[in-house]
Structure formats: structure tokens, C-alpha cells
Amino acid sequence: MRKKLIAANWKMYKTPDQTREFFREFLPAVSGHDRDEIVVCTPDIDLAAGIEAVKGTQVAVGAQNVHWKTEGAFTGETSTTMLLALGVTHVIIGHSERRQYFCETDDTVNMRLKAALEAGLTPICCVGEVLEEREAGSTDDVLRRQCVRAFHAISAKKAGNLVVAYEPVWAIGTGKTATPEIAAEAHMVIRREAAEIFGEDFAAKLRILYGGSVKPENASVLMAQEEIDGALVGGASLDAKSFAAIVKY
Ligand code: PEP
């Protein structure tokens with residue numbers, strides 16, 4: 001039985017004050033909810049406010065990226081050491097917006113992933129095809145390639161906390177959601193690849209989230225799929241009521 005993980009990705013939205021305001025409304029709405037694991041991945045500037053707000057609750061706070069070195073002359077970057085010092089537990093890695101706009105490659109995803117796992121953070125590693133790849137029938141190859149490269153030289157023992165998010169790029173922020181069947185098929189491809197790389201036992205326990213225009217209205221049909229182990233939610237996670245409704249699908 002895999003406990004579902006419902007993760008918010010705030011992208012580049014909200015100030016520390018807006019973060020406190022969000023949690024003032026969100027925390028009472030999900031109080032006592034332990035069917036699913038809940039994490040809110042904020043911009044780095046909001047992490048401290050978020051962590052302060054969730055103290056004593058079952059809600060975790062995550063980052064949206066992390067560098068692979070623990071310190072150094074890397075202007076503008078944040079390390080695993082820094083995240084851990086704040087109390088961050090989760091980190092999104094390889095989001096398609098980072099791949100698209102910030103030169104993220106499969107190799108840098110692999111380096112970030114290794115660093116996050118080494119530090120004991122729970123990485124949420126994003127994979128997913130763009131529309132042209134889906135239309136060309138190459139979705140499965142793209143997902144396999146992204147997994148092989150992201151997981152390169154990581155042993156099943158080291159990959160313990162790994163979470164994967166299947167995020168078809170054509171469904172992110174577009175209002176177009178993959179049907180539960182499309183998502184489940186992609187998840188099976190990812191799980192098979194994880195079995196090849198890490199072994200069957202690891203793959204059976206691996207949580208694979210779906211992300212792409214998840215909203216309160218479609219969360220329950222998506223979450224009803226056995227293959228879908230939670231959601232990575234962008235736009236609809238910015239509003240406390242809407243994210244709470246998704247958590248309670
Ligand atoms: C995301 O940012 O990971 C995402 C899935 O965004 P949205 O829910 O807005 O499509």
C-alpha cells in the first residue's frame with residue numbers, strides 16, 4: 001500500500017506574508033487529515049515562513065530546486081545543507097519549467113537527485129513528454145530516457161525516498177488534464193523502468209505522482225487510479241480552499 005503524496009508547487013508566487021496567510025486558512029482545513037502525506041513547495045524566500053507556520057502539524061514544506069554542491073561560489077543557488085538547516089524535507093527536481101527556461105538537462109537532474117538523496121531529502125523528480133513527442137508516439141521512449149538518465153548511478157539502497165512525478169508538459173498550466181487512463185499508462189512505463197533500474201521490490205513501493213492541471217473537480221477521478229500515488233499541483237495549490245479540496249479529494 002503506497003501512501004499518496006499531495007504536493008503543491010507554488011512556482012514563483014507568494015511573499016512570506018502571503019505564505020503565512022495561506023497556512024492560516026489551509027492548516028485548519030486539513031487538520032487531522034492523515035490519509036495522505038501533504039507537502040507545500042514554496043519559493044526559497046518563503047521557506048522559513050512556511051516552516052514556522054506548519055510547526056506541530058502533519059504538513060511538510062519543500063523547495064522547488066537544489067544545487068548538487070553543499071557550498072561554493074555558485075551565485076544565486078541553494079544547497080541541501082541550507083534546506084536541511086531550515087527544516088525542509090522535500091524538493092522538486094527537474095520540473096519542466098526548469099528544463100524549458102533554465103537549461104536543466106537530464107544530467108543536472110541526475111546530479112541534483114543524487115545530492116538530495118545523499119542529504120536525506122525526499123526528491124520529487126519530474127519527467128514528462130512535450131506535445132510533439134506525444135503526437136509523434138514517442139512518449140514511452142521519452143519517459144524511459146528521462147528515467148534512465150535521472151537515475152544514473154543511483155542504487156536502490158540510495159534511492160530510498162525517491163518520488164517521481166509524471167507531468168505531461170502539454171498539461172501543465174494549460175487546463176488540459178491527461179485522462180486517468182493516459183496518466184496510468186505513463187505511470188506503468190515509469191514503474192517498469194524503475195523496476196529495470198532498481199529492482200521489482202523498489203518499483204512496487206515507488207510513489208509516482210501525476211501533475212498537470214489537477215483541480216478540485218478532477219482530483220478524485222485521477223486519485224482513484226491504482227497507478228496514481230498522489231498529485232503535484234501548480235496553479236490550484238495557490239488558493240488554500242482549492243488545495244485543501246484537492247487534498248481531501
Ligand atoms: C506544476 O507546476 O507542476 C503543475 C502541474 O502545474 P499546474 O497544476 O498549474 O498544471
Side-chain angles (χ1 to χ4, degrees), residues 2-11 37 39-41 60-68 78-80 83 88-130 133 139-169 171-172 178 183 186-199 202-212 214 227-234:
R2 300 181 292 259
K3 185 168 184 169
K4 289 194 199 300
L5 169 62
I6 313 295
N9 173 21
W10 279 3
K11 311 188 190 224
E37 195 179 322
V39 60
V40 179
C41 298
V61 170
Q64 299 173 11
N65 191 25
V66 71
H67 197 265
W68 49 90
T78 303
S79 72
T80 54
L83 296 182
V88 169
T89 49
H90 296 65
V91 60
I92 298 172
I93 290 177
H95 191 279
S96 63
E97 285 153 15
R98 296 218 57 87
R99 293 178 190 255
Q100 198 177 348
Y101 305 126
F102 301 101
C103 307
E104 186 82 78
T105 65
D106 290 331
D107 289 338
T108 54
V109 168
N110 174 246
M111 292 194 279
R112 294 183 205 284
L113 197 51
K114 281 181 182 152
L117 289 166
E118 189 67 36
L121 290 162
T122 297
I124 304 173
C125 179
C126 303
V127 295
E129 80 288 1
V130 298
E133 291 165 335
T139 298
D140 294 4
D141 288 343
V142 169
L143 295 177
R144 280 196 287 262
R145 189 205 71 220
Q146 288 176 337
C147 287
V148 166
R149 295 197 183 159
F151 307 155
H152 175 70
I154 299 174
S155 65
K157 198 163 161 236
K158 285 267 166 72
N161 290 337
L162 175 68
V163 174
V164 175
Y166 168 59
E167 297 213 305
V169 180
I172 298 179
H187 285 214
M188 279 190 263
V189 172
I190 295 166
R191 201 175 297 287
R192 265 200 303 275
E193 201 52 46
E196 290 282 318
I197 297 169
F198 299 121
F202 185 93
K205 290 186 199 129
L206 175 68
R207 289 184 295 179
I208 306 176
L209 317 184
Y210 168 76
V214 176
E227 262 302 324
I228 300 184
D229 306 313
L232 182 53
V233 188

S.K.: What are the two closest non-hydrogen atoms of Tyr166 and Ile190, and how far apart are they?
M.R.: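 Shortest heavy-atom separation between Tyr166 and Ile190 comes out as CB-CD1, 3.8 Å.
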S.K.: Closest approach of Gly211 and Pro168, non-hydrogen atoms and distance?
M.R.: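 So the minimum-distance heavy-atom pair works out to O-CD, 3.3 Å.
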S.K.: Quick one, His90 and Val61 - any side-chain contact, counting heavy atoms below 4.5 Å?
M.R.: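 Contact flag for His90/Val61 side chains = no.
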S.K.: What heavy-atom pair brings Gly128 and Val142 nearest, and what distance separates the two atoms?
M.R.: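 Minimum heavy-atom separation between Gly128 and Val142: O-CG1, 4.3 Å.
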S.K.: To the nearest 0.5 Å, tell me how far Cys41 SG sits from Leu232 CG.
M.R.: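 So the SG of Cys41 and the CG of Leu232 are separated by 7.0 Å.
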S.K.: Which residues pass the side chain to side chain contact (heavy atoms under 4.5 Å, CB included) test with Asp106, not counting sequence neighbours?
M.R.: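 Per chain and number, Asp106 pairs via side chain to side chain contact (heavy atoms under 4.5 Å, CB included) with Arg99, Arg145, Gln146, Arg149.
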S.K.: Roughly how far, to the nearest 0.5 Å, is the CG atom of Leu162 from the CD1 atom of Ile154?
M.R.: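 These two atoms lie 7.5 Å from each other.
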S.K.: What heavy-atom pair brings Ala183 and Tyr210 nearest, and what distance separates the two atoms?
M.R.: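 What the structure gives for the nearest pair is CB-CD1, 3.8 Å.
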S.K.: Do you know which two heavy atoms are closest between Gly62 and Val88, and how far apart they sit?
M.R.: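 Heavy-atom minimum between the residues: CA-CG1, 4.0 Å.
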S.K.: Could you pull out all residues at least two apart from Glu193 that satisfy salt bridge (charged side-chain N to carboxylate O under 4.0 Å, His left out)?
M.R.: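 Not a single residue meets the salt bridge (charged side-chain N to carboxylate O under 4.0 Å, His left out) criterion with Glu193.
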S.K.: Under the side chain to side chain contact (heavy atoms under 4.5 Å, CB included) rule, collect the residues that match up with Val189, sequence neighbours excluded.
M.R.: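 Side chain to side chain contact (heavy atoms under 4.5 Å, CB included) list for Val189, sorted by chain: Asp140, Leu143, Arg144, Arg192.
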S.K.: Would you check if Leu5 and Val163 make a side-chain contact, meaning some heavy-atom pair closer than 4.5 Å?
M.R.: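 Yes - at least one pair of side-chain heavy atoms lies under 4.5 Å apart.
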S.K.: Calculate, to the nearest 0.5 Å, the distance between atoms OG1 and CD belonging to Thr89 and Glu37 respectively.
M.R.: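 So the OG1 of Thr89 and the CD of Glu37 are separated by 8.0 Å.
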S.K.: Write down the atom of Ala194, the atom of Leu206, and the distance for their closest heavy-atom approach.
M.R.: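 Scanning both residues completely, I find the closest heavy atoms to be CB-CD2, 3.7 Å.
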S.K.: Are any non-hydrogen side-chain atoms of Thr78 and Asn65 less than 4.5 angstrom apart?
M.R.: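 Not touching, per the 4.5 Å side-chain cut-off.
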S.K.: Of all residues at least two apart in sequence or in a different chain, which pass the side-chain hydrogen bond (donor to acceptor under 3.5 Å, both in side chains) check with Arg191?
M.R.: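 For Arg191 the side-chain hydrogen bond (donor to acceptor under 3.5 Å, both in side chains) partners, ignoring immediate neighbours, are Glu227, Asp229.
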S.K.: Ala150: what forms a side chain to side chain contact (heavy atoms under 4.5 Å, CB included) with it, not counting sequence neighbours?
M.R.: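 Only Val109, Leu113, Cys125 meet the side chain to side chain contact (heavy atoms under 4.5 Å, CB included) criterion with Ala150.
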S.K.: Step through the shown structure and confirm whether more than 12 heavy atoms of other residues, nucleotides or ligands are within 6.0 Å of NZ on Lys11.
M.R.: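 Correct, the count exceeds 12.
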S.K.: Kindly write out the residues that satisfy side-chain hydrogen bond (donor to acceptor under 3.5 Å, both in side chains) with His95, not counting sequence neighbours, or none if the list is empty.
M.R.: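 If we apply the side-chain hydrogen bond (donor to acceptor under 3.5 Å, both in side chains) test to His95, skipping adjacent residues, the hits are Asn9, Glu167.
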S.K.: What distance do Ile124 atom CD1 and Ile93 atom CD1 have between them, rounded to the nearest 0.5 Å?
M.R.: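 Atom-to-atom, Ile124:CD1 and Ile93:CD1 are 9.5 Å apart.
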S.K.: Quick check: do Ser96 and Ile172 have side-chain heavy atoms less than 4.5 Å from each other?
M.R.: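 Yes, their side chains come closer than 4.5 Å.
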S.K.: Can you tell me how far the CH2 atom of Trp68 sits from the CZ atom of Arg112, to the nearest 0.5 Å?
M.R.: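 Trp68 CH2 to Arg112 CZ: 4.5 Å, rounded to 0.5 Å.
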S.K.: Of all residues at least two apart in sequence or in a different chain, which pass the salt bridge (charged side-chain N to carboxylate O under 4.0 Å, His left out) check with Lys4?
M.R.: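 In terms of salt bridge (charged side-chain N to carboxylate O under 4.0 Å, His left out), with neighbours along the sequence ignored, Lys4 is linked to no residue.
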S.K.: Could you tell me whether the side chain of Leu209 reaches within less than 4.5 Å of the side chain of Ile228, counting heavy atoms only?
M.R.: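 No, their side chains stay 4.5 Å or more apart.
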S.K.: Who are the side-chain hydrogen bond (donor to acceptor under 3.5 Å, both in side chains) partners of Thr105, not counting sequence neighbours?
M.R.: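 For Thr105, the residues satisfying side-chain hydrogen bond (donor to acceptor under 3.5 Å, both in side chains) (neighbours in sequence not counted) are Thr108.
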S.K.: The criterion is salt bridge (charged side-chain N to carboxylate O under 4.0 Å, His left out); which residues satisfy it with Glu133, sequence neighbours excluded?
M.R.: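 With neighbours one apart ignored, the set is empty.
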S.K.: Can you name the residues that form a ring pair (Phe, Tyr, Trp, His ring centres under 6.0 Å) with Phe198, not counting sequence neighbours?
M.R.: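 Testing Phe198 for ring pair (Phe, Tyr, Trp, His ring centres under 6.0 Å), a comparison that skips the adjacent residues, returns Phe151, Phe202.
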S.K.: Side-chain contact, heavy-atom cut-off 4.5 Å: Glu97 with Phe102?
M.R.: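 Counting from C-beta outward, Glu97 and Phe102 never come under 4.5 Å.
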S.K.: Tell me, please, which residues at least two apart from Asn110 pass side-chain hydrogen bond (donor to acceptor under 3.5 Å, both in side chains).
M.R.: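 With neighbours one apart ignored, the set is Lys114.
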S.K.: For Lys205, enumerate each residue passing the side chain to side chain contact (heavy atoms under 4.5 Å, CB included) test, keeping only those at least two apart in sequence or located in another chain.
M.R.: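 By the side chain to side chain contact (heavy atoms under 4.5 Å, CB included) rule, Lys205 matches no residue at all.
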